[in-house]
Amino acid sequence: MADSRRFSAPSDGLDLQRLWRDTVTYTARGLLIGFAAVAGVLLYIVLRVEERAAPPPAVARLIIRKPRSTKSFTLKRQRLRPRALTKQVTALTPRLSLPSARRLAGPSVFGTVQTFDYAPDTDVQINLQSGPIELSAATIRGTKEPGKRIAMREELIDLNALDTGKYKGLIIQDPTDRRNVKGFVYLGTAWANDLEPTFDSAARAIPNLVDALNAQTGITAKVDAHLFLDSQELFRTPFVYVTAEEAFELTARELRNLGEYLRRGGFIFVDNATPLTEFSQGEASLRRIFRDALGAEGQLRPISNNHPIYHTFYDFDGPPVGTEMENPTFTEQRERDYLVFAQQTYYLEGVFLGDRLVGVYSDKGYVHMWARNFGNEPQLRFGINAVVFALTQEGSIAQQQIDFFSQRTQ
């Protein structure tokens with residue numbers, strides 16, 4: 001029988017299962033120890049607090065250096081020239097007095113026609129002595145009866161010489177021909193602390209009305225800057241235009257200034273920019289202007305269709321139609337359940353102080369009609385009527401200035 005140890009090896013005595021268990025155990029322990037060491041190092045780095053010295057505060061140092069003179073300092077004495085008062089005299093060209101001789105022409109082919117020809121006579125001596133010269137900025141002559149407008153044929157005034165920026169509007173109108181008006185006016189949109197008419201129509205309405213005044217009347221109209229209701233510029237402006245889409249509120253100073261302006265002869269045209277909506281917020285705010293500014297003194301009532309404002313320049317049988325009758329937009333049609341659309345109004349409302357009309361309230365949205373480029377001729381003509389009425393009615397700011405110059409030259 002062969003020996004069994006002949007094919008045996010040293011590895012036959014190893015316990016493979018135990019070896020596997022020991023390998024796994026020691027490997028796991030080594031990994032745990034390594035992870036613990038790395039975590040300890042990271043934790044130490046994170047939690048370590050370094051004490052650093054605080055940086056010194058910033059100090060601003062003011063260094064004043066002595067000036068260095070590059071040139072030698074010398075004191076020069078100069079004799080002052082004596083002042084002499086001089087008077088500038090302007091010599092005027094004398095007028096030549098040329099007596100004229102009347103000549104009678106002979107018969108013509110149409111018969112004996114008497115014509116007169118004026119020509120200087122050769123044997124007449126020329127008088128070179130000039131008469132007294134009168135210098136004045138504005139010459140006004142005539143007999144103006146109380147309660148009438150200034151007659152252009154009876155009185156003469158150079159309104160262009162008065163357009164120095166002191167007044168925002170002065171015009172004169174011929175009582176025998178109301179289309180014969182001359183003068184100047186500055187028109188702008190009124191603003192306030194809480195009132196900012198920034199919508200598109202408000203920016204184009206007044207410029208279009210100014211173009212209509214220049215094209216259809218003898219008035220020189222210009223677009224003025226924004227007029228603030230609490231400014232003293234208000235008392236130099238005879239026509240104030242106010243429009244709004246949304247609610248706003250005037251301050252106590254603005255209301256006090258506006259009330260004093262209307263009592264002194266001012267005129268305000270208030271235009272509701274949302275006439276399609278009845279009892280809108282903008283309408284309520286615009287109506288409240290008159291009540292808060294004038295209190296019980298002002299009376300808001302309908303303006304009759306035969307009022308002079310409808311016949312000042314053009315003839316109307318009532319206010320022209322505005323945008324209150326136009327079809328609503330798609331958005332407004334979709335919200336028809338929530339909106340109540342206003343009906344056409346056949347009159348305008350006015351505020352009266354006694355018998356004088358000091359303000360007009362329009363619920364027609366003329367601001368949108370004036371802003372258009374076509375199809376708005378009646379509305380622009382009514383705007384011309386309103387401007388002319390505001391500047392020519394008795395007691396207005398413009399007429400007070402005209403009366404002032406008339407009294408000075410009488």
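Values below: all heavy atoms of this structure, side chains included; hydrogens, waters and symmetry mates excluded.
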All side chain to side chain contact (heavy atoms under 4.5 Å, CB included) counterparts of Arg372, not counting sequence neighbours: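 Arg372 satisfies side chain to side chain contact (heavy atoms under 4.5 Å, CB included) with Thr323, Glu326, Met369, Asn376 once adjacent residues are dropped.
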
Residues in side chain to side chain contact (heavy atoms under 4.5 Å, CB included) contact with Asp315, at least two apart in sequence or another chain: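 Partners of Asp315 under the side chain to side chain contact (heavy atoms under 4.5 Å, CB included) test: Arg178, His311.
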
Of the non-hydrogen atoms in Pro320 and Pro378, which two are nearest, and what is the gap between them?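 Smallest interatomic distance, heavy atoms only, reads CG-O, 3.9 Å.
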
Ignoring hydrogens, what is the shortest heavy-atom contact between Ala273 and Thr243? Give both atom names and the distance.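 In terms of heavy atoms, the two residues are closest at CB-OG1, 3.7 Å.
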
Check whether [X] reaches the backbone of [Y] with its side chain - one donor and one acceptor, N or O, closer than 3.5 Å.
X: Thr220; Y: Phe184; answer: no
X: Gln393; Y: Leu357; answer: yes
X: Asp271; Y: Val367; answer: yes
X: Trp370; Y: Asn208; answer: no

CD/Glu246: more than 12 non-hydrogen atoms of other groups inside 6.0 Å: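 No, not enclosed.
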
Tell me whether Arg179 at atom CZ has more than 12 heavy atoms from other residues, nucleotides or ligands lying less than 6.0 Å away.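 Correct, the count exceeds 12.
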
To the nearest 0.5 Å, what is the distance between [atom1] ([X]) and [atom2] ([Y])?
X: Leu234; Y: Leu227; atom1: CG; atom2: CG; value: 5.5 Å
X: Arg236; Y: Asp224; atom1: CZ; atom2: CG; value: 8.5 Å
X: Glu394; Y: Gln399; atom1: CD; atom2: CD; value: 5.5 Å
X: Gln173; Y: Thr217; atom1: CD; atom2: OG1; value: 10.5 Å
X: Tyr347; Y: Asp363; atom1: OH; atom2: CG; value: 9.5 Å
X: Leu209; Y: Ile384; atom1: CG; atom2: CD1; value: 6.5 Å

Modelled atom types, side-chain donor and acceptor of Thr312 and Asn385, under 3.5 Å: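 There is no such pair (donor and acceptor under 3.5 Å, judged by atom type) between the side chains of Thr312 and Asn385.
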
Assess, by modelled atom type and distance only, whether the side chains of Asn305 and Asp317 contain a donor and an acceptor separated by less than 3.5 Å.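 Asn305 vs Asp317: no donor-acceptor pair found between side chains.
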
Under the ring pair (Phe, Tyr, Trp, His ring centres under 6.0 Å) definition, can you give me all pairs with a residue in residues 13-45, not counting sequence neighbours?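 Counting only pairs at least two positions apart or across chains, no ring pair (Phe, Tyr, Trp, His ring centres under 6.0 Å) contact touches residues 13-45.
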
I'd like to know whether Phe382 forms a ring-ring contact (aromatic ring centres under 6.0 Å, His included) with Tyr310, so could you lay out the CA-CA distance, the side-chain angles of the two residues, the decisive distance to 0.1 Å, and finally the verdict. CA-CA 7 Å; Phe382 177 73; Tyr310 296 115; 5.7 Å; yes

Listed once per pair and sorted, the salt bridge (Lys or Arg N to Asp or Glu O under 4.0 Å) pairs that draw on residues 378-387, sequence neighbours left out: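 Checked against salt bridge (Lys or Arg N to Asp or Glu O under 4.0 Å) - neighbours excluded - the pairs reaching residues 378-387 are Glu377-Arg381.
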
Quick one: which residue pairs count as a salt bridge (Lys or Arg N to Asp or Glu O under 4.0 Å) with a foot in residues 206-216, not counting sequence neighbours?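 Applying salt bridge (Lys or Arg N to Asp or Glu O under 4.0 Å) to every pair that reaches into residues 206-216, excluding sequence neighbours, yields nothing.
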
Quick one: sort the Phe316 and Tyr314 rings into parallel, tilted or perpendicular, breaks at 30° and 60°.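 Plane angle over 60°, so perpendicular.
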
Which label fits Phe352 and His307: parallel for a plane angle under 30°, tilted from 30 to 60°, or perpendicular past 60°?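 Perpendicular: the ring planes of Phe352 and His307 meet at over 60°.
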
Could you note down all residue pairs passing side-chain hydrogen bond (donor to acceptor under 3.5 Å, both in side chains) where residues 189-200 supplies at least one of them, sequence neighbours left out?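 Every side-chain hydrogen bond (donor to acceptor under 3.5 Å, both in side chains) pair that includes a residue of residues 189-200, provided the two are not neighbours, is Trp191-His226.
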
With sequence neighbours excluded, residues passing salt bridge (Lys or Arg N to Asp or Glu O under 4.0 Å) with Asp230: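 Per chain and number, Asp230 pairs via salt bridge (Lys or Arg N to Asp or Glu O under 4.0 Å) with no residue.
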
For [X], what residues pass the side-chain hydrogen bond (donor to acceptor under 3.5 Å, both in side chains) criterion, not counting sequence neighbours?
X: Glu254; answer: Thr251
X: Arg48; answer: Glu50
X: Gln299; answer: Arg301

What donor-acceptor contacts under 3.5 angstrom involve side-chain atoms of residues 280-295, with partners at least two apart or in another chain?
residue, atom, partner, partner atom, Å
Ser280, OG, Thr274, OG1, 3.1
Ser280, OG, Glu283, N, 3.3
Glu283, OE1, Phe279, N, 3.1
Glu283, OE2, Arg287, NE, 3.2
Ser285, OG, Phe248, N, 3.1
Ser285, OG, Phe248, O, 3.2
Ser285, OG, Gln281, O, 3.2
Arg287, NH1, Glu349, OE1, 3.2
Arg287, NH1, Glu349, OE2, 3.1
Arg287, NH2, Glu349, OE2, 2.7
Arg288, NH2, Phe248, O, 3.1

Which donor-acceptor pairs under 3.5 Å do the side chains of residues 255-266 make with protein atoms, sequence neighbours left out?
residue, atom, partner, partner atom, Å
Asn257, ND2, Leu229, O, 2.9
Asn257, ND2, Ser231, O, 3.0
Glu260, OE2, Arg264, NE, 3.2
Tyr261, OH, Thr237, O, 2.7
Tyr261, OH, Phe267, N, 3.2
Tyr261, OH, Phe267, O, 3.2
Arg263, NE, Glu297, OE1, 3.3
Arg263, NE, Glu297, OE2, 3.2
Arg263, NH1, Gly259, O, 3.1
Arg263, NH2, Glu297, OE2, 3.1

CA sep, side-chain torsions, deciding dist, call: Val351, Val270, side-chain contact (heavy atoms from CB on, under 4.5 Å): CA-CA 11 Å; Val351 178; Val270 177; over 6 Å; no

